[in-house]
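Quick note: residue numbers are just sequence positions, from 1.
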Amino acid sequence: MPRRHDPGRRQRIIDAALRVVADKGIAGLSHRSVAAEADVPLGSTTYHFRTLDDLLVAALRQADEGFAAVLAAHPALADPRADLAGELARVLGEWLGGDRTGVELEYELYLAALRRPALRPVAAAWAGGVAERLARRTDPDTARALVALMDGICLQVLLTGAPYDEAYAREALARVVSAGR
């Protein structure tokens, strides 16, 4: 029987993996659960992604695009006259105020790198890419400190369920920016 041409299947599998992780957590992810969610044969998942780590790498790369898109939508971050701390606080507020499930999913995949070494380069590339973008406005060390602080603020909001406090975030980010001068 000839193989059916299905150019969108790989992407559907990644999307299904993201839905499975969002619904059941990483512990609920298997080739079988993803195949069922994507409505594809089990062999399709292993054809496109030999291991679960391969699938998680693709899912994390796609999830990372969420925050990157939010950053890209704020051209003021590149404007040297704009208040960098204020703009970053606004970006975090927009991101955390949007689809909370997507934010939680991105952090779940990001933190999975603690136990899954295959994900570490993707997590490092995400943090490095954000720092690189911010280094256009400040020095590289301050940019890395800003990324670490933003991660900490986001994690605290996500883990405690506390509302995002934009004024607090702006003040904390401003301290890091001014210390880097």
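- Contact of the V176 side chain with the L173 side chain is not registered, since no non-hydrogen atoms from C-beta on lie closer than 4.5 Å.
- Between atom CD1 of residue I14 and atom CD of residue Q62 there is a gap of 5.5 Å, rounded to the nearest 0.5 Å.
- Annotation for A143 and A135: closest pair CB-N, 3.6 Å, computed over non-hydrogen atoms.
- Nearest heavy-atom pair, H31 versus T51, reported as atom, atom and distance to 0.1 Å: NE2-C, 3.7 Å.
- Not one N or O on the side chain of R144 forms a donor-acceptor pair closer than 3.5 Å with the backbone of A131.
- The distance from atom CG of D151 to atom CG of L92, rounded to the nearest 0.5 Å, is 9.5 Å.
- Looking at R137, its side chain does come within 3.5 Å of a backbone N or O of L77 through a donor-acceptor pair.
- Closest of all the heavy-atom pairs between L96 and C154 is CD1-SG, 4.1 Å.
- Salt bridge R170/D83: present, at least one basic N to carboxylate O contact under 4.0 Å.
- For the residue pair A162 and R100, the shortest heavy atom distance occurs at O-NH2, 4.3 Å.
- The pair R90-E94 does not count as a salt bridge, with every side-chain nitrogen at least 4.0 angstrom from each carboxylate oxygen.
- Under the 3.5 Å distance criterion, the side-chain polar atoms of R136 are left unmatched by any main-chain donor or acceptor of P80.
- Of the residues L158, L60, I26, the one that meets the side-chain contact (heavy atoms from CB on, under 4.5 Å) test with E108 is I26.
- Judged purely by atom type and a 3.5 angstrom limit, S33 uses its side chain to pair as donor or acceptor with the backbone of S30.
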Legend entry - Steps toward side chain to side chain contact (heavy atoms under 4.5 Å, CB included) verdict (Y107, L159): CA-CA 11 Å; Y107 266 100; L159 294 173; over 6 Å; no
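- A heavy-atom distance below 4.5 Å is found between the side chains of L55 and V34.
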Legend entry - Working for side chain to side chain contact (heavy atoms under 4.5 Å, CB included), residues R116 and L119: CA-CA 6 Å; R116 293 182 178 263; L119 296 177; 4.0 Å; yes
Legend entry - Derivation of the side chain to side chain contact (heavy atoms under 4.5 Å, CB included) call for V130 and M150: CA-CA 11 Å; V130 174; M150 291 188 306; 4.1 Å; yes
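- The two residues P41 and R9 have their closest heavy-atom pair at CD-NH1, 3.8 Å.
- No donor-acceptor distance shorter than 3.5 angstrom exists from the side chain of S44 to the backbone of V40, with no hydrogens or angles considered.
- With contacts defined as side-chain heavy-atom distances shorter than 4.5 Å, the pair D6/R12 qualifies.
- Side-chain contact between L88 and L149: absent, with no pair of heavy atoms (C-beta onward) separated by less than 4.5 Å.
- With values rounded to the nearest 0.5 angstrom, R10 atom CZ is found 8.0 Å from H48 atom NE2.
- Using a 3.5 Å distance cut-off with no hydrogens or angles, the side chains of D64 and Y110 do not pair a donor with an acceptor.
- Side-chain contact between V57 and D54 is absent, with no heavy-atom pair separated by less than 4.5 Å.
- By the rule that hydrophobic residues join a cluster once side-chain heavy atoms approach within less than 4.5 Å of another member, L42 and F49 end up as members of separate clusters.
- Residue L134 forms a side-chain contact (heavy atoms from CB on, under 4.5 Å) with just one option from V177, V147, D139, T142, and that option is V147.
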Legend entry - Stepwise side chain to side chain contact (heavy atoms under 4.5 Å, CB included) check, L84 with L146: CA-CA 10 Å; L84 179 59; L146 288 168; 4.1 Å; yes
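- Surrounding CD of E132 are at most 12 heavy atoms belonging to other residues, nucleotides or ligands under 6.0 Å away.
- Of all heavy-atom pairs between P121 and A118, the closest is CD-O, 3.5 Å.
- Between atom CD of residue E87 and atom CG of residue L71 there is a gap of 11.0 Å, rounded to the nearest 0.5 Å.
- Few gaps surround CZ on R120; more than 12 heavy atoms of other groups in view lie less than 6.0 Å from it.
- In this structure, E106 and W126 have side chains that are in contact, with non-hydrogen atoms separated by less than 4.5 Å.
- Y47 and L29 end up in different hydrophobic clusters when Ile, Leu, Val, Met, Phe, Trp and Tyr side chains are linked at under 4.5 Å.
- Transitive grouping of hydrophobic side chains (ILVMFWY, heavy atoms separated by less than 4.5 Å) brings L155 and V103 into a common cluster.
- How far CG of L18 is from OG1 of T101: 12.0 Å, rounded to the nearest 0.5 Å.
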